[in-house]
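So the structure is just underneath, and the comments pick up after that.
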Number of protein chains: 2
Amino acid sequence: MNRLSLRGFDFDQIYGNLRSDPPDSARQDRGMDTPELCGACPVKQQSLCGGLCNSDLSTLNRSGRRHRLRRGDTFCWAGEDSGACANVLDGMLKVVAVTPEGAERTVGLHHPADFIGNPYRDTSEYTITAVTDVELCLFPRSSFDRLLAESHDLERELLRRTLASLGDARSRILTLMHTSAEAKVAGFLLELAGRAGNRAARGSLDGPLTFDLPLTRGEMAEVLGLTIETVSRQLGQFKAAGIVALPALRTITIRDADALRRLTLALN
Amino acid sequence: MNRLSLRGFDFDQIYGNLRSDPPDSARQDRGMDTPELCGACPVKQQSLCGGLCNSDLSTLNRSGRRHRLRRGDTFCWAGEDSGACANVLDGMLKVVAVTPEGAERTVGLHHPADFIGNPYRDTSEYTITAVTDVELCLFPRSSFDRLLAESHDLERELLRRTLASLGDARSRILTLMHTSAEAKVAGFLLELAGRAGNRAARGSLDGPLTFDLPLTRGEMAEVLGLTIETVSRQLGQFKAAGIVALPALRTITIRDADALRRLTLALN
DNA sequence: CGCGGCCTTGATTGGGTTCAAGCTTAGTGG
DNA sequence: CCACTAAGCTTGAACCCAATCAAGGCCGCG
């Protein structure tokens with residue numbers, strides 16, 4: 001995993017250069033773009049910003065910067081100063097707890113329009129890592145906190161998003177508790193399909209839907225509380241049953257979403 | 001489970017009388033007390049109210065009412081209008097999701113100083129039920145929402161509490177994922193002991209600590225994602241190992257907290 | 001006394017982990 | 001362009017922990 005690094009706010013300066021790639025010469029490309037108007041924002045409505053008045057929005061806009069992470073880059077490390085917060089514009093990140101023994105446990109995922117950051121805390125409790133290439137709208141903590149202290153609207157939106165995250169966490173608890181591996185994998189595929197489907201601007205899942213799996217088998221296992229072997233076997237069974245096709249390792253076609261839905265309900 | 005019922009805001013009036021006990025004549029006793037000053041509040045500092053300015057506090061104080069629930073009473077039902085929110089002053093409640101099949105899954109617990117309610121939503125997603133006798137400081141939704149719209153402080157405190165709940169939920173996810181039944185039960189006993197210990201104003205857990213188990217074996221199983229038999233067996237083993245004593249069915253003595261801590265770490 | 005919760009204990013079963021190969025794919029460098 | 005490598009994936013076999021099924025004990029209460 002590579003450290004996040006951005007102009008005027010360089011983790012490497014503080015913690016030493018632990019990056020393994022890419023070299024500095026390449027960093028300009030994937031690094032910070034010039035400030036853009038929110039007009040180009042793909043999640044304008046769904047994100048935090050959707051509920052802000054124009055004055056707050058333009059304040060945020062002035063401090064926000066586009067930033068890209070590559071698959072495997074980490075946004076912030078558990079226990080360390082986070083220094084920035086961000087809206088997810090595109091891609092997917094995982095929220096990982098590191099146990100005392102060093103094992104990694106994924107406690108959640110972040111999707112486009114989600115907010116990442118730790119308001120009122122200096123350090124992050126979790127490590128947040130990109131599982132796909134990710135595009136962020138990134139705010140320095142200082143200016144975000146300043147606006148947060150002033151803006152009632154921003155705080156309300158943040159509260160809304162936090163409540164949504166709490167709902168996510170609780171539904172994850174439900175799936176972890178008493179569901180079979182089959183139901184877990186089926187449900188997760190449906191969730192991914194839903195996001196991939198929405199992205200393609202087709203809300204329904206009637207016909208077959210093909211999309212890239214953003215996570216490796218191992219990452220899926222981590223999210224679902226299973227082992228990599230079990231996930232692989234379940235996918236194999238779904239394929240054998242004709243419910244899905246696996247045209248490539250990281251590509252899947254949902255052929256029978258209803259069958260998956262039925263499996264999700266079974267043995268609840 | 002009995003419906004919450006309070007003067008001027010009577011669920012029975014709306015939904016019909018589903019109470020099984022107690023009769024109306026008895027309700028006066030456990031019902032609403034006269035408004036009290038926050039000076040008598042046992043969780044003044046730790047709760048929402050701790051971060052409020054005097055003006056907001058007195059506004060809340062005017063609309064807040066003490067209210068008691070008995071073990072088994074439910075504060076609000078999943079999918080129905082909640083109508084009120086509250087601070088927990090004393091006791092313990094469980095947050096329960098009801099599956100389409102009617103099975104109940106506990107996704108969380110509420111303790112003293114916790115806030116219960118669904119800001120920005122009309123209905124609760126979960127059923128919240130008292131697992132012990134509970135004392136609440138209860139606010140009608142209308143007046144709470146009104147203050148929430150005005151008070152930056154109240155919103156910030158609510159955000160803080162929600163972030164704390166999110167942390168709780170995520171640590172629950174961690175314990176549900178890859179921990180053995182032994183570690184789950186050991187960890188839960190430590191959690192309960194911590195609360196019972198704090199209550200007795202002794203932060204440490206060095207000597208033996210005896211306290212009443214607020215939950216039945218079945219409720220513990222529900223929280224931990226286990227079966228009642230497994231919980232019972234684990235307690236039996238701890239007892240056989242001399243780690244705990246069980247002087248009565250619902251009473252426990254922690255004799256060796258360190259042994260429990262070691263079990264929590266093992267097979268992480 | 002008998003009934004119904006709640007709890008304990010035993011025997012059996014099964015789903016998922018673990019251990020162990022081997023395979024596929026992507027990325028790298030000659 | 002191909003060979004090499006490492007990471008990711010699949011598949012098989014054995015084991016083990018917790019669920020399940022089943023029976024009986026304890027206790028409060030009508």
Side-chain angles (χ1 to χ4, degrees), chain A residues 1 20-23 26 70-72 103-105 131-133 175-186 188-189 212-241 244-252 263 266-268, chain B residues 1 20-22 71-72 103-105 131-132 175-188 212-241 244-252 263 266-268:
Chain A
M1 293 179 183
S20 56
D21 73 47
R70 299 221 299 221
R71 174 182 168 71
E104 296 192 345
R105 303 284 156 72
V131 295
T132 65
D133 288 354
T175 69
L176 285 171
M177 283 215 296
H178 286 288
T179 40
S180 65
E182 188 178 56
K184 284 177 182 172
V185 176
F188 192 62
L189 289 181
D212 285 349
L213 290 168
L215 300 99
T216 67
R217 306 285 190 272
E219 284 167 335
M220 282 192 255
E222 232 177 52
V223 170
L224 298 174
L226 299 170
T227 59
I228 185 173
E229 293 97 330
T230 303
V231 171
S232 181
R233 269 186 258 269
Q234 291 303 330
L235 288 175
Q237 281 181 224
F238 294 163
K239 179 182 176 183
V244 307
L246 298 166
L249 257 188
R250 303 287 292 276
T251 309
I252 192 170
L263 292 176
L267 191 65
N268 229 357
Chain B
M1 294 181 182
S20 54
D21 72 48
R71 174 181 168 71
E104 296 192 345
R105 303 283 156 73
V131 295
T132 64
T175 70
L176 284 171
M177 281 215 296
H178 285 289
T179 40
S180 65
E182 188 178 57
K184 285 177 181 172
V185 176
F188 191 62
D212 284 350
L213 290 168
L215 300 99
T216 67
R217 306 285 190 272
E219 284 167 337
M220 282 192 255
E222 231 176 53
V223 170
L224 297 173
L226 299 170
T227 60
I228 186 173
E229 294 97 328
T230 303
V231 171
S232 182
R233 267 187 261 270
Q234 291 303 329
L235 287 175
Q237 283 181 223
F238 293 164
K239 180 183 176 184
V244 306
L246 297 165
L249 259 187
R250 302 288 290 277
T251 308
I252 192 170
L263 292 175
L267 190 67
N268 225 4

Atom [atom1] of [X] and atom [atom2] of [N]: how far apart are they, to the nearest Å?
| X | N | atom1 | atom2 | result |
| --- | --- | --- | --- | --- |
| B/His178 | D/dC17 | NE2 | P | 16 Å |
| A/Leu213 | C/dT25 | CG | P | 15 Å |
| A/Asp212 | C/dT25 | CG | P | 15 Å |
| B/Met177 | D/dC17 | CE | C1' | 19 Å |
| A/Arg217 | C/dT17 | CZ | P | 16 Å |
| A/Met220 | D/dG8 | CE | C1' | 11 Å |

> When rounded to the nearest 0.5 angstrom, what distance separates CG in B/Leu213 from OG1 in B/Thr132?
Replying inline: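 Those atoms lie 12.5 Å apart.
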>> If I take atom CE from residue A/Met220 and atom CG from residue A/Leu235, how far apart are they, to the nearest 0.5 angstrom?
In response: 5.5 Å
>> Among residues at least two apart in sequence or on other chains, which ones pass side-chain contact (heavy atoms from CB on, under 4.5 Å) with B/Ala245?
In response: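 With neighbours one apart ignored, the set is B/Pro247, B/Thr253, B/Arg255.
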> Among all residues two or more places apart in sequence or in another chain, which pass the side-chain contact (heavy atoms from CB on, under 4.5 Å) test with B/Ser232?
Replying inline: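 Checked B/Ser232 against side-chain contact (heavy atoms from CB on, under 4.5 Å); zero matches.
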Note, [X] side chain near [Y] side chain (heavy atom, < 4.5 Å):
| X | Y | value |
| --- | --- | --- |
| A/Leu215 | A/Phe188 | yes |
| A/Leu249 | A/Arg217 | yes |
| B/Phe238 | B/Val185 | yes |

> Of the non-hydrogen atoms in A/Arg71 and A/Thr216, which two are nearest, and what is the gap between them?
Replying inline: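 For A/Arg71 and A/Thr216, the tightest heavy-atom pair comes out as NH2-CG2, 3.1 Å.
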Partners of [X] by side-chain hydrogen bond (donor to acceptor under 3.5 Å, both in side chains), sequence neighbours excluded?
| X | answer |
| --- | --- |
| A/Thr230 | A/Thr227 |
| A/Asp212 | A/Thr251 |
| A/Gln234 | none |

>> Checking contacts here: which listed nucleotide (C/dC7, D/dC9, C/dG16) is nearest the side-chain heavy atoms of A/Ala181?
In response: C/dG16
Please tabulate, one pair per line, each protein N/O and nucleotide N/O from nucleotides 23-30 of chain D that are separated by under 3.5 Å, including the distance.
none

> Got a sec? Which of residues 223-240 of chain B come in under 4.0 Å of DNA chain C, heavy atoms?
Replying inline: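 Per residue number, the list reads B/Glu229, B/Ser232, B/Arg233.
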> Using rotation axes that map the C1' atoms of four end pairs onto the next four (five pairs an end), what angle separates the end axes of the helix from C/dC1-D/dG30 to C/dG30-D/dC1, to 10°?
Replying inline: 30°
